[in-house]
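Just below is one structure, and these are the notes that go with it.
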Amino acid sequence: MAEFGYVLFGSTLIALAYNIFLLPSRLAAGGVSGISTIVYELYQFNPAFVQWMINIPLFFLGLILLGKDFGMKSLLGTFFVPLVIWISTDLPFAINNPLLAAIYGGSMIGVGLGIVYRGRGSTGGLSTLGQIVKKYSGLSSGYAQFIVDGCVVVTSAVVFGLEIALFAMISIFVMSKVIDLVQLQASPSKLVLIITEREAQIQTIIGRKLTAA
């Protein structure tokens with residue numbers, strides 16, 4: 001149950017960051033949210049409904065490739081993020097400065113996605129593709145998401161111009177770093193680098209300790 005709580009809480013942060021920072025600043029910072037920002041700019045379609053329309057087929061792709069357990073939590077995130085976006089559409093505050101939106105919006109979404117990934121879930125859409133890239137490439141979640149989202153930003157440069165697209169790239173970079181920070185801080189495993197001229201002795205000692213444990 002705790003994992004489902006992570007997915008709900010992380011999804012809420014992502015949705016609020018979208019309405020407060022990204023949409024008002026016209027930052028298509030990757031993912032389905034970035035696509036919905038572009039579509040909103042061009043056709044004024046409701047971002048929440050656009051995200052639902054894109055997420056549904058991608059959800060089934062994730063269900064097939066990532067398993068039923070991931071799929072159920074992905075289903076929760078897939079519908080919950082657009083729901084919160086729809087509910088919080090008329091928030092009385094918004095950040096229109098693209099630099100502030102890139103830094104703080106990227107950080108907030110990165111925290112949200114990191115929490116969702118800690119719950120072994122997904123917010124659907126292109127974050128599902130990010131997790132698929134991670135699974136089959138061995139990349140970290142942050143870098144996998146960076147690659148997927150970069151494709152959306154290239155498209156946004158055509159719609160919003162190069163300057164806004166560069167701010168979106170800043171947002172994605174911040175997002176990817178925060179995702180990894182949240183995940184690594186929560187990881188029970190740690191990396192220890194030992195520099196020594198007595199490699200054989202150290203290996204023997206570590207081997208004995210692990211055997212004794």
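Since the model is a prediction, treat every value here as computed from it, not as a measurement. Because only heavy atoms are used, hydrogens play no part in the values below, and waters and symmetry mates are left out as well, while side chains stay in.
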- Message: What verdict does the side chain to side chain contact (heavy atoms under 4.5 Å, CB included) test give for S11 and V7, after you've listed the backbone C-alpha separation in whole Å, the side-chain angles of each residue and the deciding distance to 0.1 Å?
- Response: CA-CA 6 Å; S11 297; V7 174; 4.0 Å; yes
- One should read off an interatomic distance between I172 CD1 and I179 CD1, to the nearest 0.5 angstrom, of 10.0 Å
- Item | Which atom of I38 lies closest to which atom of A28, heavy atoms considered | CG1-CB, 3.9 Å
- Query: Donor-acceptor pair, T89 side chain versus I85 backbone, under 3.5 Å?
  - Reply: yes
- May I have the step-by-step check of side chain to side chain contact (heavy atoms under 4.5 Å, CB included) for L13 and I109, ending in yes or no? CA-CA 6 Å; L13 291 180; I109 291 179; over 6 Å; no
- Query: Would you say the side chain of F21 lies within less than 4.5 Å of the side chain of L27, judging by non-hydrogen atoms?
  - Reply: no
- Message: Hydrophobic clusters here meaning ILVMFWY residues chained together by side-chain heavy-atom distances under 4.5 Å, can you tell me if L99 and L162 are in one?
- Response: no
- Could you give me the CA-CA distance, side-chain angles and deciding distance for T12 and F80, then say whether side chain to side chain contact (heavy atoms under 4.5 Å, CB included) is met? CA-CA 8 Å; T12 300; F80 197 72; 3.1 Å; yes
- Any donor-acceptor pair under 3.5 Å from N19 side chain to S88 backbone: yes
- Under the salt bridge (charged side-chain N to carboxylate O under 4.0 Å, His left out) rule, what pairs show up with a residue in residues 10-20, not counting sequence neighbours? none
Less than 3.5 Å apart, which donor and acceptor atoms pair up between the side chains of residues 45-60 and the rest of the protein, not counting sequence neighbours?
from: N46; atom 1: OD1; to: A48; atom 2: N; distance (Å): 2.9
from: Q51; atom 1: NE2; to: S36; atom 2: OG; distance (Å): 3.2
from: W52; atom 1: NE1; to: F79; atom 2: O; distance (Å): 3.4
from: N55; atom 1: OD1; to: G125; atom 2: N; distance (Å): 2.8
from: N55; atom 1: ND2; to: Q51; atom 2: O; distance (Å): 3.1

- same_hphob_cluster(V174, L166) at 4.5 Å side-chain heavy-atom cutoff: no
- Message: Taking L22's backbone N and O only, do any of them form a donor-acceptor pair with S25's side chain (distance below 3.5 Å, no angle check)?
- Response: no
- Under the criterion side chain to side chain contact (heavy atoms under 4.5 Å, CB included), which of V154, V153, V158 is the partner of S156? V153
- Message: Can you confirm whether more than 12 heavy atoms, excluding those of Q44, are under 6.0 Å from its CD atom?
- Response: yes
- Message: Tell me whether R118 forms a cation-pi arrangement with Y6, defined as NZ or CZ under 6.0 Å from the six-membered ring centre and within 45 degrees of its axis.
- Response: yes
- Message: How close do E3 and G119 get, counting heavy atoms only, and between which atoms?
- Response: CB-O, 3.5 Å
- Where do V111 and V182 come nearest, in terms of heavy atoms and distance? CA-CG2, 4.0 Å
- Any idea which heavy atoms bring I20 and L91 closest together, and the distance? CG1-CD1, 3.7 Å
- Query: Is I35 close to V152 at the side-chain level, that is, under 4.5 Å between some pair of heavy atoms?
  - Reply: yes
- Taken to the nearest 0.5 Å, the spacing of L100 CG from I95 CD1 works out to 6.5 Å
- Message: With a 3.5 Å distance limit and no angle check, can you tell me whether E41 reaches the backbone of T37 through a side-chain donor-acceptor pair?
- Response: no
- Query: Could you give the distance from CE (M108) to CG (L16), rounded to the nearest 0.5 Å?
  - Reply: 5.0 Å
